[in-house]
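This report refers to the structure that appears directly beneath it.
Values reported hereafter were calculated over all heavy atoms of this structure, with side chains retained and with hydrogens, waters and symmetry mates removed. Quick note on labels: first sequence line is chain A, next is B, and so on, each numbered from 1.
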Amino acid sequence: MSSKRLLSSTARFRPFPPMIKNYLDCSQNTPIQLNTAYAPKASSFLATDLIKSYFEKGLIREARSLFDEMPDRDVVAWTTMIAGYASCNEHAYAWGMFCNMVRSEMNPDEFTVSSVLKACKGMKSLSCGVLVHGFAIKHGIQGFIYVDNALMDMYATCCASMRDACMVFRGIELKNPVSWTTLIAGYTHGGNGHHGLQVFRQMLLEEAESNPYSFSIAIRACASIGCQNYGKQIHTAVIKHGCESSLPVMNSIVDMYCRCGCLSEANQYFHEMTQKDLITWNTLIAGYEKSDSSESFFIFSQMESNGFRPDCITFTSVIAACANLAVLSCGQLIHGGIICRGLEGDLALANALIDMYAKCGSIADSCKVFTELSCKNLVSWTSMMIGYGAHGYGREVIELFDDMVESGIKPDQIVFMAVLSACSHAGLVDQGLRYFNSMMDDYNIKPDHEIYGCVVDMLGRAGRVEEAYRLIQSMPFTPNESVWGALLGACKAHCLPNLGKLAAQKVLDLRPQLVGTYVMLSNLYAAEGKWGEFARVRKLMKGTEIKKEVGRSWIEVRNEVYSFAVRDKAGPHIGWVYGVLEWLIQHMNEAGYAPLDCLTHDLEDGT
DNA sequence: TCCATCAATC
């Protein structure tokens, strides 16, 4: 009997539920294995198959309706629902399904457990994951490689440390390639690329099978620590193993070269690739964004003519490139493109827009994007706070910080950096110190060099230089050059030559190649009339043979970018620039502020 | 019916 006839007779005697019928009507490939379709078990198999197909097509509601209509749901049907939800990133629904399943006294098996663990991972919920782990032990669902690998993945993603993931890994008697890849990925995604590489090395030593999965994650590990040497070695191994045909592997190689600063290599491999996908393009665009933003625009302009539609990841990099170049009109144009494509709901992209508008000087637009966000994360708040801070709105930053904490988001070190830097620039010293203490006392965040540098800068700007020095002396670790540099800046601004000389000497001990420090130190001596010392330092500076690169500023006015440097005399609009500068100085004087002498001294040095 | 890899934001 042909399948077609079977199908029609089935339809006649045992009508399909509407959902199945709907599927059959629109399906090109009519299901043919229906020779036992009269039996309820077979009908359940069929329905489960259809549920899976629905999930694969992203038809989540259809899958659910069909499941709800099933009279007899076996463990496979339940598991298919859980796995389907998890694969569509509907992790909370997957978890709900699992809970319903247990409540319905249906016994989950090893397939169910590994599927629901994926949902726990997606929700980043350690408590759910631990619950499932306990459930599996209690019900004797142990010793299955799928379950162990999923457990590792869950622990690696949900725990701050890799301890539990390692414990599961050690307990696996016969590790498969997935076990190794999961462990390496756990370390690498957790920010410990070195350890990831160690595990990869161990894997090779134990002669475990390497495949495209392990290669791409190992290369990702090299990329994350910027280690070009290991990256090249693994690249060689990739060629030896014939894994060059794997797109993920080649994409990770392009990414590795970008992150290691080898853009010409990255570009070369990109062009040599016979097959490219959206990730390949996004990788190169993101790679260039960091070091050569204009070039990333060029690559972006080429991708569409090569048949690739930019997605939110592409736009995030391109918007970051606009921010780096501070090109407002270009950013606005691309923002328009984002809205046209309906991508403005992507959170990372919206956060990049907040940052871009702030860096392009349009803080009102930053604020608009921020306010219109229905769901804000830590990065959204941080971007807005950094933007406000850079524009001198210290009080707004403090308000935002308090609102953020109120909304239940836990601040991290970067947010504190934003608050402290804003307080520093707005002269809100006492508030800043309160946040500094709160960071340590309430949130148990240990300040690093950058934070100390920021607080030293804040105290120094306000003239509390002695206090800044005492803070440096109380630091629990050796201060670095940026901390001493902050003190040096303060000494210079408030004319404290002795402390300034000490700070300058510390900076020079740590970073002898910083030319600006020699200039500052020599100026301190010059101010005291100690010309012998002045000459000694200048000679020392000449000995380094390092030229300070001239600082350059640029501004976009009416679609045109104007760029100028210190003592620039050329250029068609330089007269305007000096005119505005003089106007500013005049207003400054009228408002009761005088330009600092040492500042003008530096300007004359061309530094 | 189930597991692992590559691209984005402060």
Counting heavy atoms from C-beta on, name the nucleotide in B/dA7, B/dA8, B/dC10 closest to the side chain of A/Ser317.
B/dA8
Residue pairs passing the salt bridge (Lys or Arg N to Asp or Glu O under 4.0 Å) test where at least one lies in residues 350-377 of chain A, sequence neighbours excluded:
A/Asp355-A/Lys359, A/Lys368-A/Glu372
Starting at CG of A/Leu66 and ending at P of B/dT1, how long is that distance when rounded to a whole Å?
16 Å
How about A/Trp381 and A/Phe401: are their ring centroids closer than 6.0 Å?
no
Just call it for A/Asp148: base, sugar-phosphate, or nothing, with non-hydrogen atoms closer than 4.0 Å on any strand.
nothing
What's the CG-P distance between A/Asp74 and B/dC2, to the nearest Å?
14 Å
note: A/Ile184, atom CD1; B/dA4, atom P; distance rounded to Å ~ 15 Å
Quick check for you: among B/dC2, B/dC6, B/dT9, whose closest atom lies nearest to any side-chain atom of A/Ser252?
B/dC6
Nucleotide nearest A/Asn282 (side chain, heavy atoms from C-beta), chosen from B/dC6, B/dA4, B/dA7
B/dA7
CD1 of A/Ile445 versus P of B/dC10: gap in Å, rounded?
19 Å
Would you indicate which nucleotide in B/dA8, B/dT5, B/dC10 comes nearest to any side-chain atom of A/Ile217?
B/dT5
Please pick, from B/dA8, B/dA4, B/dA7, the nucleotide with the shortest atom-to-atom distance to any side-chain atom of A/Arg220.
B/dA7
Starting at atom CG of A/Asn324, determine the distance to atom C1' of B/dA8, rounded to an integer number of angstrom.
13 Å
Just call it for A/Ile386: base, sugar-phosphate, or nothing, with non-hydrogen atoms closer than 4.0 Å on any strand.
sugar-phosphate
Considering only B/dC6, B/dT1, B/dC3, which nucleotide approaches the side chain of A/Ser216 most closely?
B/dC6
Ignoring backbone atoms, test whether A/Arg259 places a side-chain nitrogen or oxygen under 4.0 Å from the OP1 or OP2 oxygen of B/dA8.
yes
A/Met81 CE to B/dT1 P, straight-line distance once rounded to whole Å
16 Å
When all nucleic acid strands are considered with a 4.0 Å heavy-atom cut-off, which category describes A/Asp346: base, sugar-phosphate, or nothing?
base
With sugar-phosphate meaning primed atoms plus P, OP1 and OP2, does A/Asp412 contact a base, only sugar-phosphate, or nothing at under 4.0 Å between heavy atoms?
nothing
Could you check, using the six-membered ring where one of them is a Trp, whether A/His335 and A/Phe315 have ring centers closer than 6.0 angstrom?
no
Hey, does A/Thr79 reach any base, or is it just sugar-phosphate, or nothing, if we go heavy atoms under 4.0 Å?
base
Length of the line joining A/Tyr357:OH and B/dT9:P, which is rounded to integer Å:
18 Å
With respect to the side chain of A/Ser114, which nucleotide from B/dA4, B/dC3, B/dC2 is positioned closest?
B/dC2
Mind checking whether A/Phe67 and A/Trp78 have ring centres under 6.0 Å apart?
yes
Looking at the side chain of A/Ala352, which of B/dT1, B/dT5, B/dT9 is the nearest nucleotide?
B/dT9
Taking NZ, NE, NH1 and NH2 as the nitrogens, is one of them in A/Lys57 or A/Glu62 under 4.0 Å from a carboxylate oxygen of the other?
no
Could you state the atom-to-atom distance from CD1 of A/Ile285 to P of B/dT9 in whole Å?
13 Å
Show which side-chain atoms of residues 93-100 of chain A pair as donor or acceptor with protein atoms under 3.5 Å away, not counting sequence neighbours.
unit_1, atom_1, unit_2, atom_2, d
A/Asn100, OD1, A/Arg103, NH1, 2.8

Can you tell which of B/dT1, B/dA7, B/dC6 lies closest to the side chain of A/Asn251?
B/dC6
Taking the side chain of A/Cys312 as its heavy atoms from C-beta onward, which of B/dA8, B/dA7, B/dT1 lies nearest to it?
B/dA8
Do the side-chain N or O atoms of A/His189 get closer than 4.0 angstrom to the phosphate oxygens (OP1, OP2) of B/dA7?
no
May I ask you to say what A/Ala286 touches in the nucleic acid, namely base, sugar-phosphate or nothing, with a heavy-atom cut-off under 4.0 Å?
sugar-phosphate
